[in-house]
Amino acid sequence: MAYNHKEIEEKWQKYWEEHKAFKTDAHDFSKPKFYGLIEFPYPSGNGLHVGHPKSNTAIDIISRKRRMEGYNVLYPIGWDAFGLPTENYAIANKVHPAEVTKKNVDRFRTQLKKIGFSFDWDREVNTTDPSYYKWTQWIFIQLYKKGLAYKAEIPINFCTSCKVGLANEEVVNGVCERCGGEVIQKVKSQWMLKITEYAERLYDDLDQTDFIERVKIQQRNWIGKSKGAEVDFKIAGTDEKLTVYTTRPDTLFGATYMVISPEHKILEKLDIQNRDEVVAYQKEAAKKSEFERTELNKEKTGVMLKGVMAVNPVNDEEIPIWISDYVLASYGTGAIMAVPAHDERDWDFAKKFDMPIIEVVAGGRDVNEEVYTDVNDGIMVNSGFLNGMKVKEAIAAITKFLEEKGIGHAKTNFKLRDWVFSRQRYWGEPIPMVYCEKCGWQPLPEESLPLKLPFTESYEPTDNGESPLSKLTDWVKTTCPKCGGPGTRETDTMPNWAGSSWYFIRYVDPHNDKCIADPELLKHWMPVDWYNGGMEHTTLHLLYSRFWHKFLYDIGAVPTSEPYQKRTSHGMILGSNGEKMSKSRGNVVNPDEIIDEYGADTLRMYEMFMGAFDQEAPWSTESIRGCYKFIERVYRLLENVTPEEDYSKDFESTMHKMIKKVSEDYEKMKFNTAIATMMSFVNDVNKKGSITRGEMKTFLTLLNPVSPHITEEMWDQLKFEGRVYEQTWPTYDEAKTIDSEIEIPVQVNGKLRGKVVANKDASKEEVESLVKANDDIKRFIDGKEIVKEIYIPGRMYTIVIK
RNA sequence: GCCGGUGUGGCGGAAUGGCAGACGCACAUGACUCAAAAUCAUGCGGGAAACCGUGUGGGUUCAAGUCCCACCACCGGUACCA
């Protein structure tokens, strides 16, 4: 009865499919619900990657366990199928993207089914399906109606050699990722989404979630909340004022000059004596790409505005104004007060252009030699009424002062920028908007959705950076939904992130043609209980989908303000050389080959066993054999099963310990140690020579979530009732996890010197007498003065001698 | 630079402040075999030993891989955000 993984896995996959074993009745509210989610894959032409099964198996394990714990489980799958790689592949191979997508999806489906995930396959969604993107478009229209979608002139990345607009992800080190060509900024009118309006809530509501800490931190950093104040500076001899944003209003007395960004609009209104010089600098700055401004140009540059002075509102001193590209137009007010003594960038600038440096916070070294930015220990000096205060007190005092005088106020700023939502591409959702000369931009009537992506063979990019759809004159020319006059369609499409920002909502009710999903069902099923995915999606997909969800919550379309209760993240699987897997590095492992050789049960187990789940780990073709051998050993247990339906006496505590350890480890995603525990168990069984039916039953149930096929097969061969996936999760008795006799290590002066065996309830005195009688210990303590003795019950006996 | 993460045998990795190296890979020896593979059994940080060993240097503690301070290296994110 050799282990034949192919036969066994095909058999049970067929069984599950025929019996709809993992189909979810979403209307069954009688049981508690569990909604497990993995990031739906992008069906690329390369097929499944070994990274996919890692995340999928983890949530599959949790889902299978939850079913056995009595939950109604939703564990769905779908396809995030719009996007660039498909489009590029289509262009290169002259196959329509729709056809490419269908082929890839079919391949992915086949591959995933071979791994035995307990997905509800009847809920598949596909972002390229008009019945799906109908609702993506509907959401866009709702955003537009609430003023959260708007058009703006925004520079896009444009590759001068491919003559195509590029997504930020396609620009690597300032050049085109594909051809290495120069990337320039081309200003285009783009649809933008006002994610910034939700910045505060996206930041604060993280507290309500159970996201792992590093996800929360990364999102918080990305949103970049900072507290400070806006302060008005008068321009001497004019009615103009310059408003700055600062997080350190306490240092206002130390402001020795101001800096504004080259794009600042106040420049037009000022009477600048050296305007030629200023204009030249503006031109120079405009020529630089974002890349050059940030990467190449660390050295500070700038021009002082001649004949213009600003007035520091706290001491009426006149200070000069500079323009410099180290001040960004897009953050704060585009203008700063420079406090060189206590800001690193201002210090660098002041040193280069020889501006005065005034210390206003004491506690550092000489501010002419070294900048001092500490906010905790400093005491205010040279600061009028703030003198003697600590920085934190000074911030409060000056803010109050500014507000009373009406020259400033407390202000919170965010780094987060609005979301550029337009793509000059073919393979995406058409944006359902029409432009009319008379009425401006108008959304399509909702009942006319979906606006289908027109089928065309000319989906190649245009050479002017416009969307390929712009070439379809018949489609572009339409009528205005409002006045019925002539109108033109928006030809840009939505980004990949659109369809993936709400797919978890659709899973709940994937075939609904009345709304995004039935509110009753959403009320029961939302939020997603556990969402696992890659860290690389933390600041884009995860943030975008939280934004959309909050918006949908605000308009009453979903019942929760957060989409996901818990977010975890897996570590990447690296190539065997320790580098990221990639075609060009030649270290890619194809899961098909692994399944062929060892089977899905081994693949699943190995991916869970290879290291800590949240850590990256290199693939090893040798190590995977270890898991295969273990599964073979498990299968061979069938030869030594004894008929008792209970646990044997000498294995009772082993069983209870194992149930506890495996159950807890699965919940903590410590799959590697859960599997190690089961390996040890099998080693123990083999040492003993036999296993009872009762022990077998528990063991197979515990192992089932990791390796479902082999366990189902053995269950069947042992003629246990029902199927493993229908069983109840084993429980343990805490009292029975403790051995009656325990071994207590004994230390003398911090070094392990021996061990004594005692009853688990032994008192300190009883253990002490055992220790004192122990020859190993006697050697070290005889004739020595005992200073101290410590007994940690059941764990350690320590003696300190002199 | 800043923000995260990680440094433990030949390798992947275990260890609520309490026996460092669980579990597995590789390796070695033995059994089986004409032989090899597979399988099974045993061993496997260094050192003859005392002892020494968790990136480095300090510290706290009866006891530190684990806590504190100061560093170093690698990986990921971010890029002058005032």
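Chain letters run A, B, ... following the sequence lines, proteins first, then strands; residues in each count from 1.
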**Item:** Below 4.0 Å: OP1/OP2 of A82(B) and any side-chain N or O of Tyr331(A)
**Value:** yes
**Message:** Under 3.5 Å for both donor-acceptor distances, Watson-Crick or wobble: does G65(B) have a partner, and if so which one?
**Reply:** none
**Asked** Looking only at atom P, what distance separates A50(B) and U42(B), rounded to whole Å?
**Response** 26 Å
**Asked** Given Tyr326(A) and Asp346(A), is the side chain to side chain donor-acceptor pair (under 3.5 Å) satisfied, shown in steps?
**Response** CA-CA 10 Å; Tyr326(A) 86 88; Asp346(A) 298 344; 2.8 Å; yes
**Prompt:** Taking the side chain of Gln615(A) as its heavy atoms from C-beta onward, which of C80(B), G5(B), A82(B) lies nearest to it?
**Reply:** G5(B)
For nucleotides 18-26 of chain B, give me every protein contact, N/O to N/O, under 3.5 Å, one pair per line with atom names.
| from | atom 1 | to | atom 2 | distance (Å) |
| --- | --- | --- | --- | --- |
| G18(B) | N2 | Gln747(A) | OE1 | 3.4 |
| G18(B) | N2 | Thr798(A) | OG1 | 3.0 |
| C19(B) | O2 | Lys755(A) | NZ | 2.5 |
| C19(B) | N3 | Lys755(A) | NZ | 3.3 |
| G24(B) | OP1 | Asn683(A) | ND2 | 3.1 |
| C25(B) | OP1 | Lys629(A) | NZ | 3.2 |

**Asked** G47(B) pairs with which nucleotide, Watson-Crick or G-U wobble, both distances below 3.5 Å?
**Response** none
**Asked** How is Glu536(A) classified with respect to the nucleic acid when contacts are heavy atoms under 4.0 Å: base, sugar-phosphate, or nothing?
**Response** nothing
**Message:** Less than 6.0 angstrom separating the ring centers of Phe699(A) and Phe681(A), yes or no?
**Reply:** yes
**Request:** Take atom P in G5(B) and the same atom in C67(B), then report the distance between them in whole Å.
**Result:** 12 Å
**Request:** Syn or anti for G9(B), please, going by whether the chi angle lies within 90° of 0.
**Result:** syn
**Message:** Roughly how many Å apart are G7(B) and G65(B), using the P atom of each and rounding to a whole number?
**Reply:** 14 Å
**Message:** Rounding to an integer number of angstrom, what distance separates C23(B) and G45(B) when you compare their P atoms?
**Reply:** 13 Å
**Prompt:** Mind checking the C1' distance from A70(B) to U60(B)? Whole angstroms is fine.
**Reply:** 15 Å
**Prompt:** For A15(B), does either OP1 or OP2 sit under 4.0 Å from a side-chain N or O belonging to Lys670(A)?
**Reply:** yes
**Prompt:** What integer number of Å spans the P atoms of U39(B) and A48(B)?
**Reply:** 34 Å
**Message:** Which heavy atom of Pro249(A) sits nearest to which heavy atom of Thr399(A), and what is that distance?
**Reply:** CG-OG1, 4.2 Å
**Fill in**
Atom CE of Met608(A) and atom C1' of G13(B) are separated, to the nearest Å, by 15 Å
**Distance flag, aromatic centroids of Phe353(A) and Tyr257(A), threshold under 6.0 Å** = no
**Request:** Under 4.0 Å between any heavy atoms, over every strand shown, what does Ala338(A) touch: base, sugar-phosphate, or nothing? Just pick one.
**Result:** nothing
**Asked** Judged by modelled atom types alone, do Asp601(A) and His5(A) share a side-chain donor-acceptor pair under 3.5 Å?
**Response** no
**Request:** Just name whichever nucleotide pairs with U78(B), Watson-Crick or G-U, keeping both distances under 3.5 Å, else none.
**Result:** G1(B)
**Prompt:** When we call it a touch if two heavy atoms are under 4.0 Å apart, what does Arg220(A) touch: a base, just sugar-phosphate, or nothing?
**Reply:** nothing
**Asked** How far apart are the closest heavy atoms of Thr538(A) and Gln219(A), and which atoms are they?
**Response** O-NE2, 2.9 Å
**Request:** When you get a sec, tell me which of G12(B), A82(B), G4(B) is the closest nucleotide to the side chain of Leu328(A)?
**Result:** A82(B)
**Prompt:** If each of Arg214(A) and Gly611(A) is mapped to the nucleotide of RNA chain B with the nearest heavy atom, which maps nearer the 5' terminus, i.e. the 5' end?
**Reply:** Arg214(A)
**Request:** Could you list all the side-chain hydrogen bond (donor to acceptor under 3.5 Å, both in side chains) pairs where at least one residue sits in residues 327-344 of chain A, not counting sequence neighbours?
**Result:** Ser226(A)-Tyr331(A), Ser330(A)-Arg417(A), Asp343(A)-Arg345(A)
**Asked** Roughly how far apart, to the nearest Å, are G24(B) and A35(B) at atom C1'?
**Response** 30 Å
**Fill in**
Rounded to whole Å, CD1 of Ile217(A) lies from P of U78(B) at a distance of 16 Å
**Fill in**
Paired to A73(B) by Watson-Crick or G-U wobble criteria (both distances under 3.5 Å) is U6(B)
**Item:** Contact summary for Leu702(A) and Tyr666(A), nearest pair of heavy atoms
**Value:** O-OH, 2.7 Å
**Request:** Select from Thr333(A) and Glu344(A) the residue whose nearest nucleotide in RNA chain B is closer to the 5' end of that strand.
**Result:** Glu344(A)
**Item:** Identified pairing partner of A41(B), criterion: Watson-Crick or G-U wobble below 3.5 Å
**Value:** U29(B)
**Item:** Side-chain touch Ile790(A)/Ile792(A), heavy atoms, less than 4.5 angstrom
**Value:** yes
**Message:** Classify the ring geometry of Trp619(A) against Tyr606(A): parallel below 30°, tilted from 30° to 60°, perpendicular beyond 60°.
**Reply:** perpendicular
**Complete:** G53(B) -> Watson-Crick or G-U wobble partner, both distances under 3.5 Å, gives none
**Request:** Return no unless some side-chain N or O of Ser226(A) is found under 4.0 Å from OP1 or OP2 of A82(B).
**Result:** yes
**Message:** Could you tell me if the side chain of His570(A) sits less than 4.5 Å from the side chain of Asp614(A), heavy atoms only?
**Reply:** no
**Message:** I'd like the C1' distance from U8(B) over to A22(B), given in whole Å.
**Reply:** 13 Å
**Fill in**
The nucleotide from U39(B), U78(B), C51(B) with an atom nearest the side chain of Trp222(A) is U78(B)
Taking only N/O atoms, report every protein-nucleotides 66-71 of chain B pair under 3.5 Å with atom names and distance.
none

**Message:** Over 60° means perpendicular and under 30° means parallel, so tell me whether Tyr3(A) and Tyr628(A) are parallel, tilted or perpendicular.
**Reply:** tilted
